[in-house]
Structure formats: C-alpha cells, structure tokens
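Order of the sequence lines sets the chain letters (A, B, ...), proteins ahead of strands, with each chain counted from 1.
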Amino acid sequence: MPSDVRVRIAPSPTGPLHIGTARTALFNYLFARHTGGTFLLRLEDTDTARSTAAFEKDILDGLHWLGISWDEGPGVAGLEEAGPYAPYRQMQRLDTYAEAAARLLAADLAYPCYCSPEELVADRKAQEAARLPTRYVGRCATLTVAERAAREAEGRPPATRFRVRPGVVGWNDLVRDRVEIDTANLGGDFVIVRGDGDPLYHFTVVVDDAAMAVSHVIRGEDHVSNTPKHILLFEALGHTPPVFAHLPLILNPDGSKMSKRKSQTAVADYVAQGFVREALVNYLAFMGWSPGTEEEIFPLAELAERFELEKVQKGGARFDRERLEWVNGQWIRRLEDEDLVSRLMPFIEAARIAGEIDRTPGEDEVRALLPIVRERLPTLAAIVDTVGFLWVDDLAVDPAAMIPKRWDAPTTLTGLTEARAALAAHDAVTWEADELEPPLRALVEVRGWKAGDLFMAIRVATTGRTATPPLFDTLVALGRERTLARLDAAIVRLAAAGTLAP
RNA sequence: GCCCCCAUCGUCUAGAGGCCUAGGACGCCACCCUUUCAAGGUGGAGAUCACCGGUUCGAAUCCGGUUGGGGGUACCA
C-alpha cells in the first residue's frame, strides 16, 4: 500500500557519524518502512567552517553499514543523486533559500538587521547582568527605508531576521502529546540568513522540509525548543507544518546528553571494536522503544514490522555498553558460518598487522574454529584474544605460569613430559579430540593426579593462557606438530628454570 | 536567570485504574553442567513505582504541587 509518509535524516557533516544520529536515522527508517513511506537523506552542510567531505563519507558509509538505506539522497561517496527533490545537499540549494528569504523580506515577515556582533554581545551581557532573559532587542526591527539606506552606506552587511509574532505556538507531538510554547520565550526575532549570505539551520531545515514534502519530522528531544521557530517559519512560508515526534535523548552513563567527552560516540569506533551491525541496530532500537513483549533480539526487518512511534519512551536512555556487548554476543551466535568468518577475517588481519600474531589463518581454518569460539566472542575483535595463540610463532611461556596451583615444578615437568609422550603416540590421522583425551585420562589415573591439573599444565604450556576453549579441541586446532613443539619448548623452559632455582 | 521536557530495580524496560504482595532483560551473587574460560540451565539479592496532597470503592497508572534530573536559550546544527 503506497503511503505519503515522508521522513528524513538530515545529518550535518561536522563530525563522524554519531550514535545519536544513527539512532534518529534508525527510528526514521523504521517508521518509513513500517508505514510504507519514503525515507530520505539530506546533507545539512551550511556550516562551511566545520563541514568536511571526510565526515560526509563517514556518515554515509556508517549508515549504509548499519543497513539504514535511504530512498532519496545526495550524490556523494560514490552514490548517485537519487530522488525527485534533488539536490539533497543544502549548499547546492542556496538559491532556494535565497528565494524564500527574499519572499519573507518582501512581505516584511523578515527584515535586514545591521547589528554588529559587538552590539549583540553587549545586549546579551546587559540582559544577563539585569537577570533578564536574553533576547534580541529589536534594534533593527522598525528601521525606516532611510535608516536602512544609511547603514547600507556604511557598508554593514545585513543579516536577515525573522519577525517572531506574539502568541502561543503548539503542536501535537507524536511522542509527548500536546506541547505549547509562548513565542515570547523564543529569544526575539532570530537570524535566518547570516551577514555573509549563508542561510542558517532553522531556516534551511524548514525550507527543505517543505520543499521535499516531509510529512513527519522525527528528531531528538533537544529540538523541542526549536520547534516553535520552525512552525512559525512554515506558516510564514505558506506551508502546513509537518507532524513532529521528539525522541528521548541517548545519555551518557551519568545521565547527561551523550557526548564524545564522556562516551564513545562514533559509530566507526564500535565497528572497529567488532560490534556487528545487527547488534548495534537491535540495541539502538531498544533505546527508547520497546515492542511491549519480552522478546528482545530482532533483525532490522522485524524491527520495522513492529515499530510504532506510540510506543516510544519519553525519558532519556543511558547508554549501557555491557548490554550492547550482550546483544552483540547474541547476534554473533546467530550469524551464518560463512558470514561470521568473513566478518572475523579483517580483525585477525588487523591483529597481524599490529604484530599481535605472526600469521593470518585461511578462511577454512577460521571456519573450523567456529564451534569452539562462537559462544566465547562478545565482539568480533575478541577472536584474537580467544585463540590468537594459534597464530603466534614463539609463545615463550613463563615457566612459573605452567605450574598448576596444586602442583610443584617437578610434578609439572613430569606431567608435561609424560603427556607429551602420550600425545606423540597419535599420528596425524588420529589427532582428534576424542582420541587425545582417553590416554591422558589414563595417565592421570595411573599417577593419581587430578585431570584438571594436568590439563591446566598442558593448556598453559601450549597456549600461554589459563583460559582457552576446551583443551583437546584447542590442541586439534593447533595441530600435532605445533602441539608437540610447544610442549617440548615448555619442558625445556621449565627444566631450565628448575636448574636455576636455589 | 528564563523557557521547555522528563521521572518504575544500578542500567534498558513491561505496565495505558482493579490481572501488580510490580513482569522481563543486562549486570551482580549462588548452584548445576564442567579440564580452564565461555555458553546454557536453575535459583537469589535488587523498585515503599522520586516525594506530598487530591480524585476514586480502588492509582505505578488520572490531577495539582514539591524535589530531582535533563534539554534549550548563537549571524552552530
């Protein structure tokens, strides 16, 4: 069923893709997909001083990586400009804003303002000193034609200010119901076009949302106080305002608005740490929304199926990394083998480049490891921490670490030596977990040891770690030759340490 | 300062007047499984539903106030 729902995400390329932007994009996307509407992306790059092409790419790549695809958007980062309302980049729409501003000026709904930054700052300081609300004093609001001409003659570049009419502006927010704000609290007439001719956010966002027929504006709660300005502008421009829905904010652990200072906010960082897109999307969807059931692991398509703005929470949600890791683990356990392997490879290769391991295994080798590593991975990057020892040439294990708690050095030396002999009895064909275990159990039986002690000694001697996947599976993954070589090396080191001891 | 918003376990949340002596999940603790680590299973601790009034036969749910928290107050977005 076709729908006239049109929503958008309008990122500003002044920084890398932020978790908050991704969440807002996701909710818009889910709403569009749920209603059969259209989701568009518009680049708000009018802050030329801070916008960069690199940030644009990071944002678009990040959104694509998450699977949040748009139906209409700019031609950027290898993409084709797509959609009937092109261009979707504000710096390419300057004539549209200029035309709209001219219309407002002509109708005296806006006026040129010649106040200098110094005057404005002085006004604000005076108001603060008098403990009054800060607002534009209206110095240029009622200038005569002659007065304007005089200022023009002085060469002052005028900004364009929008006349804020008295009264109350209200709207029925889809998340927080009725909201009403007295325009007296808006800070006076506000600038819509800077002195240098660049249009400002409050203006461009309205001109574009109107031009692009955006039906629902779904954005963060931090925009609630801006909404009256936007509604006033829609009215002045002769458009019916869209429906608004203000989402709760994503918060730092301390409850303040999520910031780079207190949290990891760049989506790219989570990608680099081995979070999978399904988990990030799943987790983000549940920040401020819930299907009302007790299920919590959903793929993107199912989220879209169930998503309803009516079920969005009003209060902010603190970002909980531990919970994200749990969701990530859930998703890693659900991925198809081939898929998981291909996602794991880059992390293994990165570890090799970083010198943490000496060789990169083939995909087949990694696939064979899946049964023993899968449920041990909170993140993709954890693969190296879990079984990286398999790909290291020389472990150089500390002899002291090889000695189990209940054992001493001589016992450990004996244990490793006899275990080595027992294992060496297997050829490459019988080098299977089921085959390796019985002889060692028998050895333990004969010696009167505890299996756990012997196994731990072998574990540390062959992996350098006290925590690994199941020992025999690990030895199989290591292979006969390397297992025996590591055992030999461990025995030598342990013996040498014993010799040196007093 | 001024304006606006919000308020259920530490955290994410279920809850739309009686089903709530408040449910689930993360985290935490214990036990089971077990060669370590995970995963999984079972059980547990953890919320006088911020507080005070009111409406009602009955309130976490409705109303008012208080307190607390947050957001906004730019020729940034």
Review point. Between B:C76 and A:Q90, is there an OP1 or OP2 to side-chain N/O distance shorter than 4.0 Å?
Key: no
Exercise for review: Under 4.0 Å between any heavy atoms, over every strand shown, what does A:Q330 touch: base, sugar-phosphate, or nothing? Just pick one.
Suggested key: sugar-phosphate
**Study point:** Under-3.5 Å donor-acceptor pair between A:R176 side chain and B:C5 base
**Key:** no
Practice item. Just compare B:G24, B:A77, B:C2 and give me whichever is closest to any side-chain atom of A:E294. Key: B:G24
Check your understanding: Using a cut-off of 4.0 Å on non-hydrogen atoms, how would the nucleic acid contact of A:L251 be classed: base, sugar-phosphate, or nothing?
Key -> nothing
Check your understanding: Between B:U35 and A:R459, is there an OP1 or OP2 to side-chain N/O distance shorter than 4.0 Å?
Key -> no
Review point. What does A:R465 touch in the nucleic acid at a heavy-atom separation under 4.0 angstrom: a base, only the sugar-phosphate, or nothing?
Key: nothing
Check your understanding: Using atom P of each nucleotide, how far apart are B:U13 and B:G18 to the nearest Å?
Key -> 24 Å
Check your understanding: How would you label the contact of A:P11 with the nucleic acid (heavy atoms, under 4.0 Å): base, sugar-phosphate, or nothing?
Key -> nothing
Study note, to complete from the structure: Of the candidates B:U36, B:G71, B:G40, the side chain of A:S225 sits closest to B:G71
**Study point:** Between B:C76 (P) and A:D222 (CG): distance, integer Å
**Key:** 18 Å
Exercise for review: Assign A:L471 to base, sugar-phosphate, or nothing according to its heavy-atom contacts below 4.0 angstrom with the strands shown.
Suggested key: base
Check your understanding: Where the side chain of A:E221 is concerned, which of B:C75, B:C5, B:A39 is the nearest nucleotide?
Key -> B:C5
Exercise for review: State which of B:G10, B:C2, B:G24 makes the closest approach to the side chain of A:E296.
Suggested key: B:G24
Study note, to complete from the structure: Taking for A:P291 and for A:F472 the nucleotide of RNA chain B with the nearest heavy atom, the one nearer the 5' end belongs to A:P291
Check your understanding: Whom does B:A47 pair with, Watson-Crick or G-U wobble, provided both distances fall under 3.5 Å?
Key -> none
Check your understanding: Within the structure, does a side-chain N or O atom of A:R131 lie under 4.0 Å from either OP1 or OP2 of B:C2?
Key -> no
**Study point:** B:A25 pairs with, by Watson-Crick or G-U criteria that keep both distances under 3.5 Å
**Key:** B:U11
Practice item. Output, in order, the C-alpha distance, side-chain angles, deciding distance and verdict of salt bridge (Lys or Arg N to Asp or Glu O under 4.0 Å) for A:D189 and A:R135. Key: CA-CA 8 Å; A:D189 299 339; A:R135 66 198 323 277; over 6 Å; no
Review point. Does B:C2 pair with anything, Watson-Crick or G-U wobble, both distances under 3.5 Å, and if so, with which nucleotide?
Key: B:G72
Point to revise | Sugar-phosphate, base or nothing in reach of A:G329, heavy atoms under 4.0 Å | key: nothing
Check your understanding: Who is the Watson-Crick or G-U wobble partner of B:C33, with both distances under 3.5 Å?
Key -> none
Review point. In terms of side-chain geometry, is the basic nitrogen of A:R178 or A:D173 positioned less than 4.0 Å from the acidic oxygen of its partner?
Key: no
Check your understanding: Which part of the nucleic acid, if any, lies within contact of A:R50, taking any heavy atom under 4.0 Å across all strands shown: a base, the sugar-phosphate backbone alone, or nothing?
Key -> base
Review point. Has A:R376 got a side-chain N or O lying under 4.0 Å from the OP1 or OP2 atom of B:U36?
Key: no
Check your understanding: Does A:E152 pair with A:R156 as a salt bridge, N-O distance under 4.0 Å?
Key -> no
Check your understanding: Picking from B:U35, B:A14, B:A77, which would you name as closest to the side chain of A:S12?
Key -> B:A77
Review point. Rounded to the nearest Å, what distance is computed from the NZ atom of residue A:K314 to the C1' atom of nucleotide B:C12?
Key: 17 Å
Check your understanding: Checking all strands, does A:H246 fall into the base, sugar-phosphate, or nothing category for heavy-atom contacts under 4.0 angstrom?
Key -> nothing
Practice item. Determine the Euclidean distance between corresponding P atoms of B:C12 and B:G70; express it in Å to zero decimal places. Key: 14 Å
Practice item. Between B:U36, B:G24, B:G71, spot the one nearest the side chain of A:K257, thanks. Key: B:G71
Revision key, fill the gap. Walking RNA chain B from its 5' end, the first of A:D45 and A:K311 to be reached, judged by nearest nucleotide, is A:K311
Exercise for review: For nucleotides B:C2 and B:G44, find the distance between their C1' atoms and express it as a whole number of Å.
Suggested key: 50 Å
Check your understanding: In Watson-Crick or G-U wobble terms, both distances under 3.5 Å, what is the partner of B:C62?
Key -> B:G54
Exercise for review: Considering just the side-chain nitrogens and oxygens of A:R318, establish if one lies under 4.0 Å of OP1 or OP2 belonging to B:G70.
Suggested key: no
Exercise for review: Output all residues satisfying side-chain hydrogen bond (donor to acceptor under 3.5 Å, both in side chains) with A:E99, sequence neighbours left out; order by chain, then residue number.
Suggested key: A:R103
Practice item. May I ask you to say what A:A317 touches in the nucleic acid, namely base, sugar-phosphate or nothing, with a heavy-atom cut-off under 4.0 Å? Key: sugar-phosphate
Check your understanding: Between B:U35, B:G72, B:C76, which one does the side chain of A:F455 approach most closely?
Key -> B:U35
**Study point:** Side-chain ion pair, A:E221 and A:R176, N-O less than 4.0 Å
**Key:** yes
**Study point:** Charged N-O contact under 4.0 Å between A:E437 and A:R441
**Key:** yes
**Study point:** Chi angles and distances behind the side chain to side chain donor-acceptor pair (under 3.5 Å) call for A:N328, A:W326
**Key:** CA-CA 5 Å; A:N328 202 47; A:W326 174 77; over 6 Å; no
**Study point:** Rounded P spacing from B:C33 to B:A47 in Å
**Key:** 32 Å
Exercise for review: Send over the distance from A:N328 CG to B:A25 C1', rounded to a whole Å.
Suggested key: 16 Å
Check your understanding: Are A:R420 and A:E418 ion-paired here, with the side-chain N under 4.0 Å from a carboxylate O?
Key -> no
Practice item. May I ask you to say what A:D196 touches in the nucleic acid, namely base, sugar-phosphate or nothing, with a heavy-atom cut-off under 4.0 Å? Key: nothing
Review point. A:T466 near the nucleic acid: base, sugar-phosphate alone, or nothing, with a heavy-atom cut-off under 4.0 Å?
Key: base
Point to revise | Whole-Å C1' distance, B:G68 and B:G27 | key: 25 Å
Check your understanding: Which part of the nucleic acid does A:T46 contact within heavy-atom distance under 4.0 Å: base, sugar-phosphate only, or nothing?
Key -> sugar-phosphate
Practice item. Show the numbers, then the answer: is there a side chain to side chain donor-acceptor pair (under 3.5 Å) between A:D47 and A:S12? Key: CA-CA 8 Å; A:D47 185 349; A:S12 181; 5.9 Å; no
Point to revise | Of the listed nucleotides B:C6, B:C2, B:A74, the one nearest the side chain of A:T134 | key: B:A74
Check your understanding: If the C1' atom of B:U48 is compared with that of B:A59, how far apart are they to the nearest Å?
Key -> 15 Å
Point to revise | Residue A:V179, side-chain heavy atoms: nucleotide from B:A38, B:A77, B:C5 that is nearest | key: B:C5
Point to revise | C1' gap between B:A77 and B:G64, integer Å | key: 38 Å
Check your understanding: Any idea which of B:C75, B:A38, B:U11 is nearest the A:D320 side chain?
Key -> B:U11
Review point. What's the verdict on side-chain contact (heavy atoms from CB on, under 4.5 Å) for A:R161 and A:C140, showing C-alpha distance, side-chain angles and the deciding distance?
Key: CA-CA 9 Å; A:R161 266 185 205 275; A:C140 298; over 6 Å; no
Exercise for review: Tell whether A:R323 reaches the base of B:A25 with its side chain through a donor-acceptor pair below 3.5 angstrom.
Suggested key: yes
Point to revise | Nearest-Å distance once atom P is located in both B:G15 and B:A30 | key: 34 Å
Review point. Which is true for A:G187 with a 4.0 Å heavy-atom rule: it touches a base, it touches only sugar-phosphate, or it touches nothing?
Key: nothing
Point to revise | A:D254 CG - B:U11 P separation (whole Å) | key: 12 Å
Exercise for review: Mind checking A:P248 for me? I need base, sugar-phosphate or nothing, with any heavy atom below 4.0 Å counting as a touch.
Suggested key: nothing
**Study point:** Distance below 4.0 Å between A:Q313 side-chain N/O and B:C6 OP1 or OP2
**Key:** no
